[in-house]
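Down below is the structure, laid out as structure tokens.
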Amino acid sequence: MQLDGKTAIVTGGSSGIGRAIAEAYVEAGASVVIANRSEDEGRAAADELGCRFVRTDVTEYEAVEALVETTVDEHGALDVVVNNAGIGSESSVGEMDLEEWANVVSVDLDGVMHGTKAALPHLLDSEGCIVNVASIYGLVGGRGAAAYSAAKGGVVNFTQQVAVDYAAEGVRVNSICPGFVETPMTEPLLETEQFYNYVRDNTPMNRPAQPEEIAPLAVFLASDAASYLTGANIPIDGGWTAH
Ligand code: NAI
């Protein structure tokens, strides 16, 4: 599967799953713009991978609009947006304070909407596509993850909704729903024996994934090989949601 000639934005593309997607896109021939709120991390990753970097906080709509405009100005078009930036949260609704809810929803759900809304006029021009990074916790309830599950559930249905609205105009919208993946987000959790065992025991494949095992699905979804695929929320979870 090739992405030759395509221009892609990957939000949160400097670490974990986003970085693996950015790297796989470059290998498939795409021009990639990494968008991240962390300047140092973003520049370092972009230099290593051969990408462009634009500092962006996805919670700020004007910043996401500027990211899209810069990308189109420099590359002439925008073909793919990967709304990947996200933060974790591990509180039940009783434990959680309202600030945590607002913060998680702001990054994990509003951020996806911002990337979608800002990019749409250009994706309509290019008949491009959107790849959202949701989660298994958008498909089923995540133990002790009230805000995160709500936000990811929102991403899952938003993916279907936007897909329905723009399918006839040639824009495809899908999401990837990973199970547990070893990244900087999950590292502190997976380092504890109790949490690692929880993931192992609830994953039929008995292990978390590596980011490189998620990226190929993002390449496929962005490629012409996925030309009839829209509105799908695809688990990539070692079997977590199969039981
Ligand atoms: P990560 O922490 O390595 O990467 C997240 C990236 O998003 C970081 O580069 C971070 O700087 C960036 N980011 C956070 N807030 C931002 C903001 N406001 N604006 C711009 N960038 C921002 O974590 P990971 O695991 O690679 O997560 C990527 C996506 O995958 C997230 O949406 C996460 O919810 C999702 N996911 C992760 C799973 C896992 O087990 N690691 C499982 C299922 C989904």
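Read the numbers this way: they start at 1 and go in the same order the structure lists the ligands and their atoms.
- For ligand 1, the atoms lying closer than 4.0 Å to a non-hydrogen atom of G16 are 3 (O), 26 (O).
- Polar contact with ligand 1: absent for F180 (N/O pair, distance under 3.5 Å).
- Counting only heavy atoms of the protein, atom 25 (O) of ligand 1 lies nearest to T183 OG1, 2.6 Å.
- Residue contact check for ligand 1: T186 places a non-hydrogen atom closer than 4.0 Å to it.
- Summarising the local packing, CD of Q194 is surrounded by 12 or fewer heavy atoms from other residues, nucleotides or ligands at distances under 6.0 Å.
- Neither the backbone nor the side chain of D108 comes within contact range of ligand 1; no heavy atom lies under 4.0 Å.
- By the criterion of a heavy-atom distance under 4.0 Å, the side chain of Y148, and not its backbone, is placed next to ligand 1.
- Residue P184 approaches ligand 1 through these ligand atoms, each under 4.0 Å from one of its heavy atoms: 3 (O).
- Every atom of ligand 1 is numbered from 1 in the order shown, and the set under 4.0 Å from a heavy atom of S14 is 9 (O).
- For the residue pair R207 and T203, the shortest heavy atom distance occurs at O-CG2, 3.6 Å.
- In this structure, the protein non-hydrogen atom closest to atom 20 (C) of ligand 1 is T56 O, 3.2 Å.
- Across all their heavy atoms, V156 and C177 have their closest contact at CG2-SG, 4.2 Å.
- Residue R19 does not touch ligand 1, judged by heavy-atom distances below 4.0 Å.
- In this structure, T59 and D110 have side chains that are not in contact, with every pair of non-hydrogen atoms separated by 4.5 Å or more.
- With rounding to the nearest 0.5 Å, the separation of CZ in F220 from CG in L217 is 8.0 Å.
- Taking 4.5 Å as the limit, some side-chain heavy atom of R52 sits within range of a side-chain heavy atom of T70.
- By the 4.5 Å heavy-atom criterion applied to side chains, I234 and L221 are counted as neighbours.
- Using a non-hydrogen distance threshold of 4.0 Å, G13 does not register as a contact of ligand 1.
- Of the heavy atoms in I17, both backbone and side-chain atoms come closer than 4.0 Å to ligand 1.
- Annotation: side chain of E213 is not in contact with side chain of I236 (no heavy-atom distance under 4.5 Å).
- Atom 13 (N) of ligand 1 has its closest protein heavy atom at A85 CB, 3.9 Å.
- Polar contact with ligand 1: present for V58 (N/O pair, distance under 3.5 Å).
- In terms of heavy-atom proximity, S227 sits nearest to R172 at O-CD, 3.5 Å.
- Between F180 and W240, the angle of the ring planes lies from 30° to 60°, which puts this pair in the tilted group.
- Contacts with ligand 1 closer than 4.0 Å are made by side-chain heavy atoms of K152 only, the backbone lying farther away.
- Contacts between A134 and ligand 1, counted as non-hydrogen atom pairs separated by less than 4.0 Å, involve the backbone only.
- Scanning all heavy atoms of the two residues, the minimum distance from V72 to L78 falls at CG2-CB, 4.0 Å.
- The single protein non-hydrogen atom nearest to atom 23 (O) of ligand 1 is M185 CB, 3.3 Å, given as residue, atom name and distance.
- Ligand-side atoms of ligand 1 in range of V133: 29 (C), 30 (O), 32 (O), 35 (C), range being under 4.0 angstrom from any heavy atom.
- The nearest heavy-atom contact from the protein to atom 11 (O) of ligand 1 is N36 OD1, 3.0 Å.
- If you check which protein heavy atom lies closest to atom 8 (C) of ligand 1, you get S15 OG, 3.4 Å.
- V181 and P211 get closest at one heavy-atom pair: CG1-N, 3.6 Å.
- Using a 4.5 Å cut-off on side-chain heavy atoms (C-beta onward), L124 and E169 make contact.
- Within the 4.0 Å heavy-atom criterion, neither part of S38 lies near ligand 1.
- Put simply, part of E41 is less than 4.0 Å from ligand 1, judged by heavy atoms.
- Qualifying salt bridge (charged side-chain N to carboxylate O under 4.0 Å, His left out) partners for E39, counting only residues two or more places apart in sequence or in other chains: R43.
- Here N84 has heavy atoms under 4.0 Å from ligand 1 in both its backbone and its side chain.
- The single protein non-hydrogen atom nearest to atom 42 (C) of ligand 1 is G179 O, 3.0 Å, given as residue, atom name and distance.
- A search for salt bridge (charged side-chain N to carboxylate O under 4.0 Å, His left out) contacts involving D224 returns K6, not counting sequence neighbours.
- For atom 18 (N) of ligand 1, the closest heavy atom belonging to the protein is D57 OD1, 2.9 Å.
- Close approach of ligand 1 to G86 (heavy-atom distance below 4.0 Å) involves ligand atoms 5 (C), 7 (O), 14 (C), 31 (C), 32 (O).
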